[in-house]
Amino acid sequence: MRGIFCFGFVILCLLAISGSARAQLQLGFYYKSCPKAEKIVQDFVNEHIHNAPSLAAALIRMHFHDCFVRGCDGSVLLNSTSGEQPEKFGPPNLTLRGFDFIERIKSLLEAECAGIVSCADTIALAARDAIVATGGPFWRVPTGRRDGVISRISETSAIPAPTSNFSTLQTLFANQGLDLKDLVLLSGAHTIGVSHCSSFSNRLYNFTGVGDQDPSLDSEYAANLKAKKCKSPNDNTTIVEMDPGSHRTFDLSYFTLLLKRRGLFQSDAALTTNSFTQSFIEQLVQGSVVPDFFVEFAKSMEKMGRINVKTGSEGEIRKVCALVNS
Ligand code: HEM
Ligand SMILES: *[C@@H]1O[C@H](CO)[C@@H](O)[C@H](O)[C@H]1NC(C)=O
Ligand SMILES: *[C@@H]1O[C@H](CO)[C@@H](O)[C@H](O)[C@H]1NC(C)=O
Ligand SMILES: *[C@@H]1O[C@H](CO)[C@@H](O)[C@H](O)[C@H]1NC(C)=O
Ligand SMILES: *[C@@H]1O[C@H](CO)[C@@H](O)[C@H](O)[C@H]1NC(C)=O
Ligand SMILES: *[C@@H]1O[C@H](CO)[C@@H](O)[C@H](O)[C@H]1NC(C)=O
């Protein structure tokens with residue numbers, strides 16, 4: 001009897017040890033090592049975001065791209081690490097902006113406590129603070145992410161394309177441990193921000209290669225885009241609000257538009273081609289089952305922010321976010 005008890009105790013201890021060796025993110029990770037860290041990020045964002053409110057969209061998108069390639073490890077910020085070009089130069093990079101903004105915050109953090117706060121955490125915190133400062137939802141950002149040392153253009157294929165169909169979206173999200181609700185909720189970030197015509201002009205001008213239009217796109221909306229915004233199939237400079245009329249307001253209107261067949265990308269439209277996601281969108285819009293989009297969105301953002309994070313002694317704390325420490 002006593003033998004079994006001791007044996008059980010040893011197993012429990014082993015489990016506890018193996019659990020703590022795999023360090024985890026925690027709220028207020030810098031509480032002791034750099035007590036002002038989160039405040040520095042927040043103050044900088046609050047001070048500067050009002051000069052460039054569109055950066056809030058850019059930063060949350062940057063966080064998403066960072067997390068989908070090698071986990072949330074700041075690799076999206078790196079310049080070339082070896083022979084290969086970095087993630088920043090990948091096909092999904094259109095309008096990736098805000099690199100300088102993050103670098104400025106990081107230099108303030110380095111001045112306060114050198115070598116302590118990661119670039120990965122800086123993106124995660126700045127993105128959240130920028131969305132909150134511009135009237136969007138709050139989500140918790142547990143910290144303790146460490147920075148990766150590799151960034152490869154070839155790995156940006158993990159990021160969905162605007163032409164992705166439903167099954168591709170489902171697979172790419174599942175690869176990151178995200179489910180269909182996460183897919184819908186996180187796509188809801190398209191309630192803010194802008195897109196270049198080139199991200200969707202195939203839907204307007206040449207959907208199947210015979211000069212046709214995407215039949216799943218509302219034809220009135222398509223005609224309007226062609227007449228007023230994306231006047232030629234090769235326009236790669238004009239930008240369009242993804243949620244026209246409220247592209248600065250984090251609200252449900254993106255989902256309302258999806259139900260009117262006015263999602264801008266094929267990937268947006270794809271969300272209404274599956275019965276589960278279609279009905280989830282209807283529930284969000286009606287507020288019936290999920291009364292609070294912000295609450296659900298926050299849960300999915302926290303989950304996204306945990307994707308394959310490096311913790312403990314993995315990776316490093318970069319000094320400059322664009323460069324691996326030498
Ligand atoms: C589901 C798959 C997704 C696809 C295919 C996708 C694709 C795109 C594309 C093509 C653009 C426009 C780029 C341009 O032409 O300038 C864009 C913009 C944007 N995306 Fe997504 N996205 C997806 C998911 C997400 C997620 C998960 C988030 C954040 C949680 C997000 C946030 C944004 C934001 C805020 C913008 C506007 C950026 C700006 O104004 O600078 N997207 N997305
Ligand atoms: C990283 O590359 C960009 C150009 O893509 C350049 O402007 C920037 O100065 C580089 N950063 C560093 C620290 O070398
Ligand atoms: C995006 O990629 C192109 C090359 O593919 C590069 O010239 C451009 O600098 C990249 N954008 C950013 C923000 O790094
Ligand atoms: C979705 O797109 C992928 C990749 O382009 C393709 O292989 C697949 O057949 C498509 N699935 C459907 C259901 O159309
Ligand atoms: C549509 O795409 C096809 C195949 O890529 C191309 O041959 C054709 O010239 C395009 N038509 C227009 C009107 O751009
Ligand atoms: C945009 O289009 C012009 C003309 O078609 C081309 O020269 C340029 O390289 C394109 N830019 C990008 C970023 O694709």
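Bear in mind that the values here come from a model prediction, so they are computed numbers and not experimental data. Each ligand, and each atom within it, is numbered from 1 in the order the structure gives.
- At a threshold of 4.0 Å, the pair Lys181-Glu296 does not count as salt-bridged, since none of the basic side-chain nitrogens sits closer than that to a carboxylate oxygen.
- Side-chain contact check for Asn79 and Lys88: at least one donor-acceptor pair (N or O, by modelled atom type) lies under 3.5 Å.
- Ring geometry, Phe68 versus Phe64: the interplanar angle exceeds 60°, so the pair is classed perpendicular (tilted spans 30 to 60°).
- Listed by chain and number, residues touching ligand 3 at under 4.0 Å (heavy atoms only) are Lys88, Phe89, Asn93, Leu96, Phe99.
- Taking the charged nitrogens against the carboxylate oxygens, Lys303 and Asp182 do have a contact shorter than 4.0 Å, which makes a salt bridge.
- Residue pairs that meet the ring-ring contact (aromatic ring centres under 6.0 Å, His included) test with at least one member in residues 93-115, sequence neighbours left out, are Phe44-Phe101.
- Note: an N/O pair closer than 3.5 Å links Asn206 and ligand 5 by distance alone.
- Ion pair Glu302/Arg140 flagged as a salt bridge, since at least one NZ, NE, NH1 or NH2 atom sits closer than 4.0 Å to an Asp/Glu carboxylate oxygen.
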